[in-house]
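Notes to accompany the following structure.
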Amino acid sequence: MFKKSRKQKRNESDHSNIELDLDNIPQHVAIIMDGNGRWAKQRKLPRIKGHYQGMQTVKKVTREASDLGIKYLTLYAFSTENWTRPKSEVNYIMNLPVDFLKTFLPELIENNVKVETIGFLEDLPNSTLNAINKAKVETQHNTGLKLIFALNYGGRAEIVHSVKSIYEKLAANQMSSDDITEDMINEHLMTHNYPDPDLLIRSSGEQRISNFLIWQASYSEFIFNEKLWPDFDKHDLIDCIKIYQSRQRRFGGL
Ligand code: FPP
């Protein structure tokens, strides 16, 4: 048993001679983009430089995800807990979507990418909200990759929100408790338009879910990549997909 798990580990880290199977690309990839601060610290730079470089990685990974035919790419850009960071850092992160879209929206449009979001957007500054809404409108008819930013998102807060809306329907006699099923709860989540993530990647070597898609990731394959997010590149994405392809998904069955 122990021997087998050690062997599996060795195989997973050595994926250089595995071919990518283009017929088995995960349809939904979700990423916890971690390690911006450490990347900056290693270079004796302010943390915001790490976030800036992290934004450049978002561009590279988006291009590759689109080229590979991934249908949904969900990126954890700001959690409901990130507000506790120093105000200057929060302000900088809040401005990243503005910067990102100013420089990248034309390419997203050209490549048929549709920008979407999950999270409590009402708490974001107006400038952030305006940039995102503009991107949503200008990409609304695109049919390619759905690029979903999780902004002011938290899995627990999302579940609380969904329970409240279900309760309101019960209280208004629009449904009975018998109507509460997994599908029905799914329909009340912010992700109701998306399939569950097949693959969940976290960069920087940390091995936690950090309140990201906690309901939706029940059967996702988790891959913890050692690279700090600003260093993560398209080859790392491909390597993660190769590892995903080498795993057997059983969804609780045999
Ligand atoms: C976590 O790293 C990263 C964040 C909280 C911010 C993530 C944002 C980006 C990567 C840019 C997003 C881009 C757009 C377009 C919205 P950390 O700061 O916790 O790193 P550390 O653990 O090394 O300190």
Side-chain angles (χ1 to χ4, degrees), residues 29-66 73-109 111 113-121 123-136 138-139 145-155 157 200-213 224-234 236-237:
V29 176
I31 308 185
I32 302 177
M33 309 181 286
D34 195 13
N36 294 346
R38 274 164 285 165
W39 183 91
K41 195 172 175 202
Q42 282 176 358
R43 288 161 181 75
K44 300 192 168 40
L45 294 169
R47 291 177 55 82
I48 58 168
K49 294 286 179 201
H51 295 314
Y52 176 80
Q53 214 47 51
M55 175 181 76
Q56 306 304 334
T57 302
V58 171
K59 294 181 186 174
K60 292 180 206 160
V61 166
T62 301
R63 287 188 189 110
E64 190 60 25
S66 171
L73 176 66
T74 304
L75 301 177
Y76 205 9
F78 194 84
S79 78
T80 44
E81 288 70 40
N82 285 152
W83 295 106
T84 57
R85 293 183 178 216
K87 202 167 181 308
S88 57
E89 183 174 342
V90 170
N91 288 344
Y92 188 85
I93 298 175
M94 284 299 148
N95 197 50
L96 280 176
V98 180
D99 223 12
F100 173 82
L101 292 165
K102 205 183 280 172
T103 51
F104 202 50
L105 185 56
E107 199 178 318
L108 294 175
I109 295 171
N111 286 283
V113 175
K114 190 167 187 226
V115 175
E116 302 199 354
T117 55
I118 52 172
F120 300 91
L121 294 204
D123 300 328
L124 302 183
N126 278 336
S127 52
T128 314
L129 212 46
N130 290 341
I132 287 166
N133 286 337
K134 178 172 180 278
K136 283 183 179 174
E138 292 189 17
T139 62
L145 171 73
K146 284 193 175 57
L147 175 61
I148 305 152
F149 287 107
L151 280 163
N152 194 24
Y153 171 85
L200 193 149
I201 299 168
R202 182 172 189 146
S203 61
S204 90
E206 302 290 342
Q207 302 194 354
R208 289 188 292 277
I209 193 161
S210 297
N211 205 13
F212 188 42
L213 303 175
F224 300 105
N225 182 283
E226 291 298 321
K227 290 252 190 101
L228 302 175
W229 180 249
D231 290 329
F232 192 92
D233 63 20
K234 65 178 193 176
D236 297 306
L237 179 65

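Numbers for residues simply follow the sequence, beginning at 1. When a ligand or atom number is given, it counts from 1 through the structure's own listing order.
- Of the protein's non-hydrogen atoms, the one nearest atom 9 (C) of ligand 1 is Asn36 ND2, 3.7 Å.
- Surrounding OH of Tyr52 are at most 12 heavy atoms belonging to other residues, nucleotides or ligands under 6.0 Å away.
- Shown here for Pro230 and Gly35, the closest heavy-atom pair between the two residues is CD-O, 4.0 Å.
- A salt bridge links Arg202 to Asp34: one of the charged nitrogens lies within less than 4.0 Å of a carboxylate oxygen.
- When only non-hydrogen protein atoms are considered, atom 14 (C) of ligand 1 lies nearest to Phe149 CE2, 4.0 Å.
- The protein heavy-atom contact nearest to atom 13 (C) of ligand 1 is Val58 CG2, 4.0 Å.
- Ligand 1 has no N or O atom lying under 3.5 Å from any N or O atom of Asn82, backbone or side chain.
- Residue Trp39 has no N or O atom closer than 3.5 Å to an N or O atom of ligand 1.
- From Asn95, atom CG reaches atom CZ of Phe100 across 13.5 Å, with rounding to the nearest 0.5 Å.
- Those atoms of ligand 1 that come under 4.0 Å of a heavy atom in Gly37, given as number and element, are 17 (P), 18 (O), 20 (O), 21 (P), 23 (O), 24 (O).
- The Arg47 neighbourhood of ligand 1 comprises atoms 17 (P), 18 (O), 24 (O), with distances under 4.0 Å to a heavy atom of that residue.
- More than 12 heavy atoms of other residues, nucleotides or ligands sit less than 6.0 Å from atom NZ of Lys136.
- The number of heavy atoms from other shown groups lying within 6.0 Å of NZ (Lys227) is above 12.
- Here the heavy atom of the protein found nearest to atom 19 (O) of ligand 1 is Arg85 NH2, 2.8 Å.
- Aromatic ring orientation, Tyr76 versus Tyr153: perpendicular (interplanar angle above 60°, classes split at 30° and 60°).
- Between Ala65 and Leu145, the shortest heavy-atom distance links the atoms CB-CD2, 4.3 Å.
- Looking only at heavy atoms of the protein, atom 7 (C) of ligand 1 is closest to Ala77 O, 3.5 Å.
- Between the CD1 atom in Ile201 and the CZ atom in Phe232 there is a gap of 4.5 Å [rounded to 0.5 Å].
- The protein non-hydrogen atom at the shortest distance from atom 11 (C) of ligand 1 is Leu96 CD1, 3.6 Å.
- Below 4.0 Å from some heavy atom of Phe100 lie the following atoms of ligand 1, by number and element: 15 (C).
- Residue nearest to atom 23 (O) of ligand 1, selected from Gln53, Arg38, Met33: Arg38 (by heavy-atom distance).
- Taking a cut-off of under 4.0 Å to the non-hydrogen atoms of Trp229, the atoms of ligand 1 that pass are 10 (C).
- Between Glu206 and ligand 1 there is no heavy-atom distance shorter than 4.0 Å.
- Within the listing of ligand 1, atoms 4 (C), 6 (C), 18 (O) sit less than 4.0 angstrom from a heavy atom of His51.
- Each of Thr74, Val61, Leu73 was scored for a side chain to side chain contact (heavy atoms under 4.5 Å, CB included) with Leu147, with one residue passing: Leu73.
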